[in-house]
Undergrad: 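Below: one structure in structure tokens.
FYI, the numbering just counts along the sequence from 1.
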Amino acid sequence: YGVTGDENLGNENNNVPTAAGVDVEKLAGLSTESKDWGPGGPKDEKNRSQGSLLYNKTYGQYDAIFLKEDSNEVYLTFDEGYEFGLSGQILDTLKEKGVKAIFFITGDFAKAEPELVQRMIDEGHVVGNHSWKHPNYSGLSVEEAEQDLMKLHDYVKKNFNYTMRYFRFPAGNFSERALAEVQQLGYKSLFWSFAYKDWLTDDQPDEAESLTKIVDSACPGMVYLLHAVSKTNATGWRPRALPGATPARYNTQKAPPPRRWGLFYNAKEAYRNLFCPLHTVPGGDTIIEVFGAGIHALVKALRCRQAAAN
């Protein structure tokens, strides 16, 4: 299956955000109750979080996406509140692997890292709006929320000639009214169906455990939330020796057609730890190779799971 940015998330050719403002009357009566999102609940037969599916049903009318139910791809998204010297390495790996991602930036990041923002755009990634000041939107007035969101929108449009169309609520904190307001401003609200504690730069998660957790959580339509300040995500998951193979040696053979997701989940691969013998590449071939590092390993691991089911 594919590892991608936003090809199938919608909103490609319509609902382009504008600065026309919001209709306050239409927002009247909507709940302002503060809600904090974190995917949870039991998993279904496709390994999908029931919490994500429930919130899709509850808030989908506001163009809120917690998990892309009609997609067989997984979506890599990175939150960029500030730069920690790792975003360039992540972009290098994504470019090497031909994978697109969504980067949610704040006002501070946009102002401080214009070269990185421009590179994201130039290399075909999606740049999303993560707010100007990273406030909890459930606690803002309608006017304050509009000003914060549109300030970053206008800044990116003016300085990069780029129109953002996806919004990620800071800390996943939202309300029904805030969702409706973001929608009125022409945005889709993209949440996530996987996240883990990777944002503390001085307390990084274990590399092997993290990779296993991320790969084992894969499901059709999964939206991964990763933080670009995480060394584990960017440069961790170093390769181990793979019995019978060396990093520089490849054994190429024709791969069978991809199987359906249901079969994919029943596969019991022996190589899901930090490396994988089968990695589907364009053209339908498979190659034997060990993982590289960081996000490089994650992309291969996710692609590996489909190949191992064939």
Side-chain angles (χ1 to χ4, degrees), residues 6 9-11 15-40 51-52 54-66 77-83 102-113 117 126-160 162-193 195 199-200 223 225 227-229:
D6 79 329
L9 284 174
N11 204 25
N15 292 336
V16 176
T18 67
V22 298
D23 187 335
V24 178
E25 291 186 1
K26 290 185 177 181
L27 299 178
L30 295 180
S31 174
T32 59
E33 178 185 358
S34 175
K35 294 184 177 296
D36 293 305
W37 168 242
S52 297
L54 175 63
Y55 270 41
N56 271 354
K57 182 177 181 179
T58 304
Y59 299 112
Q61 62 182 310
Y62 302 118
D63 286 330
I65 302 169
F66 296 82
T77 74
F78 295 88
D79 281 4
E80 294 272 19
Y82 63 96
E83 176 55 20
I102 306 177
F103 291 88
F104 284 97
I105 66 172
T106 61
D108 284 342
F109 188 91
K111 290 185 297 181
E113 306 295 338
V117 175
V126 175
V127 176
N129 191 326
H130 197 33
S131 80
W132 183 256
K133 291 186 176 181
H134 205 266
N136 280 355
Y137 267 55
S138 65
L140 300 181
S141 67
V142 171
E143 294 76 13
E144 290 170 335
E146 179 182 3
Q147 290 171 5
D148 182 86
L149 186 151
M150 292 308 300
K151 186 171 184 179
L152 180 57
H153 176 86
D154 293 340
Y155 181 90
V156 171
K157 180 63 177 178
K158 177 181 178 181
N159 290 277
F160 302 98
Y162 182 88
T163 301
M164 297 185 293
R165 56 184 185 267
Y166 297 107
F167 181 75
R168 172 159 288 166
F169 281 86
N173 177 266
F174 69 99
S175 68
E176 183 184 23
R177 188 183 72 181
L179 286 172
E181 181 175 5
V182 169
Q183 181 188 45
Q184 284 193 19
L185 291 169
Y187 276 81
K188 290 182 181 291
S189 296
L190 183 57
F191 288 84
W192 57 88
S193 37
W199 60 88
L200 298 177
V223 180
L225 164 58
H227 287 86
V229 297

Undergrad: Please step through side-chain contact (heavy atoms from CB on, under 4.5 Å) for the pair K188 and I65, ending with a clear verdict.
TA: CA-CA 8 Å; K188 290 182 181 291; I65 302 169; 4.3 Å; yes

Undergrad: Of all residues at least two apart in sequence or in a different chain, which pass the salt bridge (charged side-chain N to carboxylate O under 4.0 Å, His left out) check with R168?
TA: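 R168 satisfies salt bridge (charged side-chain N to carboxylate O under 4.0 Å, His left out) with D79 only.
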
Undergrad: Rounded to the nearest 0.5 Å, how far does CE of M150 lie from CE of M164?
TA: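 Interatomic distance, M164 CE to M150 CE, rounded to 0.5 Å: 8.5 Å.
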
Undergrad: So which heavy atom on V117 is nearest to which on A110, and how close?
TA: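 Of all heavy-atom pairs spanning V117 and A110, the closest is CG2-CA, 4.2 Å.
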
Undergrad: Measure the shortest side-chain to side-chain distance between I105 and V156 over non-hydrogen atoms and say whether it is less than 4.5 angstrom.
TA: yes

Undergrad: Do the ring centers of F109 and F103 come within less than 6.0 Å of each other?
TA: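 Aromatic pair excluded; centres sit 6.0 Å or further apart.
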
Undergrad: Under the side-chain contact (heavy atoms from CB on, under 4.5 Å) rule, what do Y166 and V182 come out as? Steps first, then yes or no, please.
TA: CA-CA 9 Å; Y166 297 107; V182 169; over 6 Å; no

Undergrad: Would you say that H130 contacts E80 through its side chain, given a criterion of any heavy-atom pair below 4.5 Å between the two side chains?
TA: no

Undergrad: Is a side-chain N or O of E144 found less than 3.5 angstrom from the main chain of S141, in a donor-acceptor match?
TA: yes

Undergrad: Looking only at heavy atoms, which two atoms of N136 and P170 are closest? And how far apart?
TA: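 Heavy atoms only, the tightest pair is OD1-O, 4.0 Å.
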
Undergrad: For residues D108 and K133, determine if any side-chain heavy atom of one lies less than 4.5 Å from a side-chain heavy atom of the other.
TA: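 Sidechains of K133 and D108: no contact.
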
Undergrad: If we count only N and O atoms by modelled type, under 3.5 Å, do the side chains of E176 and Y59 hold a donor and an acceptor together?
TA: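 There is no such pair between these side chains.
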
Undergrad: Nearest 0.5 Å, what's the NZ-NE2 distance between K157 and H153?
TA: 7.5 Å

Undergrad: What is the distance from atom CG of D23 to atom CD of E181, rounded to the nearest 0.5 Å?
TA: 11.0 Å

Undergrad: Does F191 form a side-chain contact (heavy atoms from CB on, under 4.5 Å) with L225? I'd like the steps, not just the answer.
TA: CA-CA 8 Å; F191 288 84; L225 164 58; over 6 Å; no

Undergrad: Please name the pair of heavy atoms, one in S131 and one in F167, separated by the smallest distance, quoted to 0.1 Å.
TA: N-CE1, 3.9 Å

Undergrad: I'd like to check the ring-ring contact (aromatic ring centres under 6.0 Å, His included) partners of F104; sequence neighbours left out, ordered by chain and number.
TA: none

Undergrad: Is any side-chain heavy atom of K111 less than 4.5 Å from a side-chain heavy atom of Y155?
TA: yes

Undergrad: Side chain to side chain donor-acceptor pair (under 3.5 Å) between S138 and S175: does it pass, once the steps are laid out?
TA: CA-CA 5 Å; S138 65; S175 68; 5.9 Å; no

Undergrad: Output the distance between atom OG (S34) and atom OH (Y137), rounded to the nearest 0.5 Å.
TA: 14.5 Å

Undergrad: Do Y187 and L179 have side chains that approach each other closer than 4.5 Å (heavy atoms only, starting at C-beta)?
TA: no

Undergrad: When rounded to the nearest 0.5 angstrom, what distance separates CD1 in I102 from CZ in F78?
TA: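 Here the rounded value is 10.5 Å.
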
Undergrad: May I ask you to test the T106-L152 pair for a side-chain heavy-atom distance under 4.5 Å?
TA: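 A side-chain contact under 4.5 Å is absent here.
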
Undergrad: Looking only at heavy atoms, which two atoms of W192 and G172 are closest? And how far apart?
TA: CH2-CA, 3.5 Å

Undergrad: Could you tell me which non-hydrogen atom of L140 sits nearest to which non-hydrogen atom of R177, and how far apart they are?
TA: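 Reported closest heavy-atom pair: O-NH2, 3.1 Å.
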
Undergrad: What's the spacing between N129 CG and L185 CG if we round to 0.5 Å?
TA: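 Going from the CG atom of N129 to the CG atom of L185 covers 9.5 Å.
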
Undergrad: Centroid-to-centroid, W37 to F66, below 6.0 Å?
TA: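 Yes; F66 has its ring centre under 6.0 Å from that of W37.
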
Undergrad: Considering all heavy atoms of both residues, which atom of F169 and which atom of S189 are nearest to each other, and what is their separation?
TA: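 Heavy atoms of F169 and S189 come nearest at CE1-OG, 3.3 Å.
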
Undergrad: Please list, chain by chain and in numerical order, all residues satisfying salt bridge (charged side-chain N to carboxylate O under 4.0 Å, His left out) with E33, sequence neighbours excluded.
TA: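 E33: salt bridge (charged side-chain N to carboxylate O under 4.0 Å, His left out) contacts with K35.
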
